[in-house]
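Worksheet: one structure, shown below.
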Amino acid sequence: MPAFQLCIALAAICLFTVSPTRVAADNIVTRTMLLEMFQAGEIDAVEDWFAGLQARALAGEVDPEDERDSYGVFEATHPDIAPFVAKWSETYPDSAYAHTAQGWLYLSAARLVRGSKPGSHTHPFAHAAFRDFIGASVVHADAAVAADPDLLPAAELVLRLVHHINDPLRHERVLKRLMETRPNERSMKFALLAAHRGWGGSRRWGDYLCDTYADAVPEWQPDPVTLCKTYVGFEFYLDDMGAADVALLDRFDHPLLDGARFEAVLYGPADDRRDWAEALGDHVRSDPEAHDRFVDGYNNRLTYRFDLPPAYEEVGLNRVAWARARAAIDPFNPDVVRGLMADRDLPASERVALHARLLRVRPYDSDLWLNHGKRLAQLKFESPDRFFAHRGPIKFAAALSDAPGWIIGEMMMIEIDAIATLEGERELRPEMLPPEWHAFLDGMDRENDYICPAIRAGRFYDRMCADDARAVGCSPAERGMQQGILKRLQAQAKDERLCYHERLAPLEDLSYTFEEAMAEPGMAELLGE
């Protein structure tokens with residue numbers, strides 16, 4: 001495990017407002033007021049507020065969506081939220097509300113640190129952190145339900161954790177009570193996650209839940225069981241759905257199945273439904289939180305299939321506006337960060353600073369580290385002290401990767417190109433090179449700052465290309481000038497007896513380590529240390 005402390009900053013796909021009464025979901029002022037209470041350390045007031053909210057909910061005075069919204073704030077990524085919740089839990093160790101807040105906080109942290117890559121492409125450190133956070137979320141969910149079995153956000157947290165609790169009976173007990181006391185669509189949708197094939201569920205279990213509990217959902221009348229089973233089929237078993245199932249989507253004009261219609265026209269058995277394709281276009285244009293799968297599917301598939309206008313511009317503008325509205329309270333949310341970065345007028349340096357936020361909350365993603373290094377490299381000519389700023393992130397990416405050759409090759413090509421550019425300018429047009437860059441070249445320790453690192457990286461790169469000549473970066477056109485310069489550096493090192501270790505050590509002894517990456521300037525700051 002690398003020697004740094006993981007920053008617990010939480011992500012949320014959707015951030016809702018909080019208020020004792022029903023308010024619009026984008027009421028930023030109300031959300032800011034709650035954050036101010038957290039920052040002021042008003043633990044007693046927060047405990048009392050949530051207790052009052054629960055009392056009103058049980059009396060039927062609060063809409064379930066408002067109740068859920070109140071706990072949505074604990075999925076936000078503002079760095080002051082997690083410390084407050086920890087102190088709240090210490091002050092009120094038996095509080096169902098504090099346990100629920102902790103549970104959603106840890107679930108969000110788990111989802112964030114793991115990311116969305118397939119398991120085989122996710123680093124073991126990320127898997128380990130995910131398990132730790134999920135374990136903590138389960139503990140708090142159990143404590144919350146034990147303290148107040150009628151607390152809706154606590155019960156739904158248990159349902160959301162069904163794949164991690166390993167006790168389907170406990171899951172069903174919570175669902176049964178909810179459907180008896182406060183039946184609603186959102187809770188049932190959480191419960192149906194148990195049918196997800198990708199997480200060990202089954203279509204049979206989904207059918208059982210629909211047969212047993214769908215009748216209780218008031219929003220699903222008049223044929224709730226068929227509606228429920230259709231939803232499960234298209235949500236989790238799209239590949240198994242056929243023409244008869246598509247007919248059910250026509251039969252049920254219900255918003256529950258909007259996503260199913262989109263999936264069916266995109267990837268399923270309804271590839272001739274222009275009306276559904278047009279509806280998906282309206283959706284991605286109007287909803288800034290539209291799933292990337294739908295946005296990309298519409299723009300890259302349906303626009304060509306049905307000759308429809310793309311929605312790139314609208315999606316971009318909506319997401320920028322959405323991100324700006326949420327950035328103050330949710331600054332490390334990857335969706336917010338990417339939304340802010342979608343602003344075409346954003347200066348490159350600000351774009352790099354925003355991208356750095358992703359590293360704080362997803363520190364085991366080698367692709368993020370490599371991309372950040374490449375972004376920093378784009379700024380290398382702004383000043384000499386930025387020239388090698390890319391090294392730390394790229395070394396960290398290499399240390400995380402099980403195939404570091406091409407990552408290290410990226411660094412080698414960046415540096416060789418950059419040095420060649422500077423030296424070419426000094427040789428051909430010295431008067432055009434600013435004084436600080438002359439001083440940089442004169443003061444650079446060419447052996448330790450340039451020649452030896454290039455030779456070290458080049459050995460990894462050569463091995464990668466020897467193993468697979470078709471690998472990224474291994475074609476003659478891609479290697480080009482860098483390979484010629486590298487050979488000259490290798491010859492110089494040999495003639496001048498430089499870089500013994502880099503030239504002669506076994507390749508496994510030259511691997512980049514987390515400690516070496518962390519020693520590079522700026523790395524501790526990137527990880528929030």
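Keep in mind that the numbers below use all heavy atoms, side chains included, and drop hydrogens, waters and symmetry copies.
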The test is side-chain hydrogen bond (donor to acceptor under 3.5 Å, both in side chains); show your working for Y208 and E172 and say whether it passes.
CA-CA 11 Å; Y208 165 76; E172 190 174 1; 2.5 Å; yes
Might you work through the side-chain hydrogen bond (donor to acceptor under 3.5 Å, both in side chains) test for R338 and N333, ending with a clear yes or no?
CA-CA 9 Å; R338 294 187 184 103; N333 180 339; over 6 Å; no
So among E156, E219, E65, E67, which one has a salt bridge (charged side-chain N to carboxylate O under 4.0 Å, His left out) with R186?
E65
Would you please indicate if the ring centroids of F252 and F234 are separated by under 6.0 Å?
no
Measure centre to centre between the rings of F396 and W369, then say whether the value is under 6.0 Å.
yes
Note, R111 side chain near E75 side chain (heavy atom, < 4.5 Å):
yes
Does W276 have R273 sitting over its ring (NZ/CZ under 6.0 Å from centre, angle to axis within 45°)?
yes
Find out whether V232 and L209 are in side-chain contact, i.e. whether some heavy atom of one side chain is under 4.5 Å from a heavy atom of the other.
no
Take the angle between the ring planes of Y231 and F236 and call it parallel below 30°, perpendicular above 60°, tilted in between.
perpendicular
Name of the residue among V85, V46, D80 meeting side chain to side chain contact (heavy atoms under 4.5 Å, CB included) with F38
V46
Considering residues, nucleotides and ligands other than H127, do more than 12 of their heavy atoms fall under 6.0 Å from its NE2?
yes
Would you call the rings of F50 and Y97 parallel, tilted or perpendicular if under 30° counts as parallel and over 60° as perpendicular?
parallel
Taking the six-membered ring for Trp, are the ring centroids of H164 and W199 within less than 6.0 Å of each other?
yes
Test: R293 cationic atom under 6.0 Å from Y267 six-membered ring centre, within 45° of axis:
yes
Is the distance between the ring centroids of F125 and H123 under 6.0 Å?
yes
Could you give the distance from CG (D142) to CD1 (I165), rounded to the nearest 0.5 Å?
5.5 Å
